[in-house]
Amino acid sequence: MLKRVGLPVLAAGSLWIGALAIGAPPVAPAPGQAPVLKGATFAADGKLQRPEGYRDWQFVTAGVGMSYGPAAQAAALSGHVVFDNVFVQPEAYRSFRKHGVWPEGTMFVLELRGSETERPPNNRGYCQTDIHAVEVSVKDSGRFKGRWAYFEFGMDAATASPQPESGCFACHAKNAAVDMTFTQFYPTLQDVKPAK
């Protein structure tokens with residue numbers, strides 16, 4: 001018997017971190033400085049366009065039953081077990097490992113997926129199912145006064161507006177380990193010394 005532990009469709013959610021320099025080619029960094037990435041695309045109305053191909057980016061971590069962010073909190077309160085997968089551009093990942101700070105243009109994608117248990121031949125544990133929400137964070141000091149902005153795409157929205165600073169931004173500002181990111185949850189980055 002299959003037990004499905006899906007996440008109901010949620011309009012609200014928390015986003016992740018990311019950034020970009022729009023409309024200009026990447027700028028060669030000064031020696032010892034992190035590069036500026038070009039990645040995020042904004043529509044004419046200023047909304048972020050949903051990133052494509054992010055599953056080919058650097059996989060950073062996966063969590064099960066994490067409860068930060070509105071979508072994950074709602075799932076936890078309703079008894080649903082949700083997976084979250086985190087991706088970042090490969091060049092941002094390499095730059096962070098080298099410099100200890102996320103470069104301008106960094107984008108993170110947080111993908112929330114439902115879960116299922118007792119799928120044969122498995123008789124314990126959980127496996128991932130369909131997407132329930134995609135959240136993105138962007139680091140762009142020229143566009144956002146707080147350097148980072150967070151976007152909620154739900155399951156299939158093509159564009160998204162920045163979330164209010166009282167939401168994801170405030171949580172990241174208070175709880176993030178390094179440069180507005182939850183590197184405390186990223187095993188392969190916990191050894192990186194943050195830039196001063």
Side-chain angles (χ1 to χ4, degrees), residues 13-42 46-63 66 68-72 84-112 134-153 160-196:
S14 72
L15 265 266
W16 270 71
I17 36 195
L20 90 135
I22 305 289
V27 177
Q33 285 188 324
V36 174
L37 308 181
K38 183 177 185 329
T41 304
F42 290 86
K47 291 183 177 180
L48 178 66
Q49 294 182 345
R50 188 183 185 111
E52 295 183 10
Y54 67 83
R55 292 193 66 80
D56 293 329
W57 293 1
Q58 176 72 42
F59 176 74
V60 179
T61 195
M66 304 292 280
Y68 63 89
D84 59 75
N85 300 310
V86 181
F87 303 88
V88 67
Q89 305 118 306
E91 58 271 31
Y93 182 87
R94 289 190 297 268
S95 179
F96 181 81
R97 289 208 55 83
K98 182 176 181 179
H99 301 287
V101 65
W102 296 105
E104 289 289 326
T106 298
M107 288 196 302
F108 278 84
V109 173
L110 172 64
E111 178 188 77
L112 298 173
V134 169
E135 303 172 357
V136 178
S137 61
V138 175
K139 183 178 182 180
D140 187 341
S141 299
R143 183 178 288 265
F144 307 114
K145 69 176 184 176
R147 296 180 304 144
W148 290 94
Y150 302 84
F151 303 82
E152 162 63 45
F153 287 87
S161 298
Q163 295 290 299
E165 288 193 10
S166 60
C168 299
F169 183 92
C171 180
H172 280 261
K174 179 180 179 183
N175 299 298
V178 179
D179 194 14
M180 296 289 283
T181 63
F182 293 139
T183 56
Q184 64 264 43
F185 299 137
Y186 307 161
T188 61
L189 296 178
Q190 291 175 2
D191 64 333
V192 176
K193 183 177 179 181
K196 293 182 181 178

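The figures that follow rest on heavy atoms only: side chains count, while hydrogens, waters and symmetry mates do not.
T61 places a side-chain N or O within 3.5 Å of a backbone atom of F185 that can act as its donor or acceptor partner. One N or O on the side chain of E104 and one on the backbone of S141 form a donor-acceptor pair closer than 3.5 Å.
Rounding to the nearest 0.5 angstrom, the gap separating the CZ atom in R147 from the CG atom in D140 is 11.5 Å. Remark: W148 CH2 to E165 CD distance equals 14.5 Å, nearest 0.5 Å. For the atom pair H172 NE2 and T181 OG1, the distance stands at 8.5 Å (nearest 0.5 Å). Taking OG1 of T41 as the start and CD of E52 as the end, the distance is 9.0 Å to the nearest 0.5 Å. Rounded to the nearest 0.5 Å, atoms CD (Q89) and CD (Q58) are 11.0 Å apart.
Across F169 and G146, no two heavy atoms sit closer than the pair CE1-O, 3.5 Å. Residues V178 and P194 come closest through the heavy atom pair CG2-CG, 3.7 Å. In terms of heavy-atom proximity, W57 sits nearest to V88 at CB-O, 3.1 Å. Pairing each heavy atom of K47 with each of S161, the nearest pair is CE-OG, 3.3 Å. The shortest heavy-atom contact between A40 and F42 is CB-CE1, 3.9 Å.
Contact of the L37 side chain with the M107 side chain is not registered, since no non-hydrogen atoms from C-beta on lie closer than 4.5 Å. Put simply, the side chain of T188 reaches to within 4.5 Å of the side chain of Y93, judged on heavy atoms. Contact annotation: the side chain of T183 approaches that of F96 to within less than 4.5 Å [non-hydrogen atoms, C-beta and beyond]. Counting only heavy atoms from C-beta outward, the side chains of V192 and K98 never approach each other to under 4.5 Å.
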Stepwise side chain to side chain contact (heavy atoms under 4.5 Å, CB included) check, Y54 with V134 | CA-CA 11 Å; Y54 67 83; V134 169; 3.8 Å; yes

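The only option from Y150, W102, F87 that meets the ring pair (Phe, Tyr, Trp, His ring centres under 6.0 Å) definition with F108 turns out to be W102.
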